[in-house]
Amino acid sequence: DAGVIQSPRHEVTEMGQEVTLRCKPISGHDYLFWYRQTMMRGLELLIYFNNNVPIDDSGMPEDRFSAKMPNASFSTLKIQPSEPRDSAVYFCASRNYTGELFFGEGSRLTVL
Amino acid sequence: GQNIDQPTEMTATEGAIVQINCTYQTSGFNGLFWYQQHAGEAPTFLSYNVLDGLEEKGRFSSFLSRSKGYSYLLLKELQMKDSASYLCAVRDHSGGYNKLIFGAGTRLAVHP
């Protein structure tokens, strides 16, 4: 059974460029979460979806960040334009009926 | 809002027992999770408490006191592979949906 799949695993880009991170949740999970992890701030919840509908995006830091979930098997997190302070590991996670979160391997973003 | 506190770092000796504490404040408490995260990897589920008391799972146990806003994770017979960060996470139900808010994590170093 495949877990949560994220791509890319690593991305290095220059300030001002658009970044798109992708996530495929576990089949049958109806919640999808995007988290960001840094040494300074730990694991922060950015946004989450229930049945493809965004429920709470209060954690999205700025308008430069946007997330979509066009169907039950795919979500994107986009940063445009990117800035050096966006450098972090971005995790996608999906949730089963017990409430346990299953995390992807993360996308490590470096903005120069 | 939510507030989750746990020690930043702990050290322990192989074969010993260590207790990692977590205190929390939240308006819509609906369960507490512990996750383990090895360096460079995704968090993985360890335990879940929603009622007061102790939940035991092999070498790991987790305790919850809802009235005190307090939990601990107990690790017995420590092994070197237990060196990792341990994340306390509170499930918050305010707003009608469940979301998982993480503490900053406790880095545990196990030495011979």
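Every chain is numbered from 1 and lettered A, B, ... according to where its sequence line falls, protein lines coming before strand lines. Heavy-atom basis, side chains included; hydrogens, waters and symmetry copies ignored.
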Q) Can you hop from B:Leu100 to A:Ile55 via hydrophobic side chains spaced under 4.5 Å? A) yes
Q.
If hydrophobic clusters are built by linking Ile, Leu, Val, Met, Phe, Trp and Tyr wherever their side-chain heavy atoms come under 4.5 Å apart, do B:Phe63 and B:Phe29 end up in the same one?
A. no
Q: Using non-hydrogen atoms and a 4.5 Å limit, figure out which bit of A:Leu101 sits close to chain B: side chain, backbone, both or neither.
A: both
(Q) For residues B:Met80 and B:Ile17: do they belong to one hydrophobic cluster (side chain heavy atoms under 4.5 Å, members Ile, Leu, Val, Met, Phe, Trp, Tyr)? (A) no
Q. Can you name the closest pair of heavy atoms from B:Ala42 and A:Gly104 and give their distance?
A. CB-O, 3.0 Å
Record all donor-acceptor atom pairs with a distance under 3.5 Å between chain A and chain B; write none if the list is empty.
from, atom 1, to, atom 2, distance (Å)
A:Tyr35, OH, B:Leu100, O, 2.5
A:Gln37, OE1, B:Gln37, NE2, 2.9
A:Gln37, NE2, B:Gln37, OE1, 2.8
A:Asp56, OD2, B:Lys99, NZ, 2.8
A:Leu101, N, B:Tyr35, OH, 2.8
A:Leu101, O, B:Tyr35, OH, 3.1

Q) Is the number of heavy atoms from other residues, nucleotides or ligands within 6.0 Å of CE (A:Met39) greater than 12? A) no
Q: Could you have a look at B:Gly31, B:Pro43, B:Gly40, B:Gly103 and say which one has the most heavy-atom pairs with chain A under 4.5 angstrom?
A: B:Pro43
Q.
Connecting only ILVMFWY residues whose side-chain heavy atoms lie within less than 4.5 Å of each other, what is the rest of A:Ile5's hydrophobic cluster?
A. none
Q: Evaluate whether atom CG of A:Asn71 has more than 12 neighbouring non-hydrogen atoms of other residues, nucleotides or ligands under 6.0 angstrom away.
A: yes
Q. With hydrophobic residues grouped by side-chain heavy-atom distances under 4.5 Å, do B:Val110 and B:Leu75 end up in a single group?
A. yes
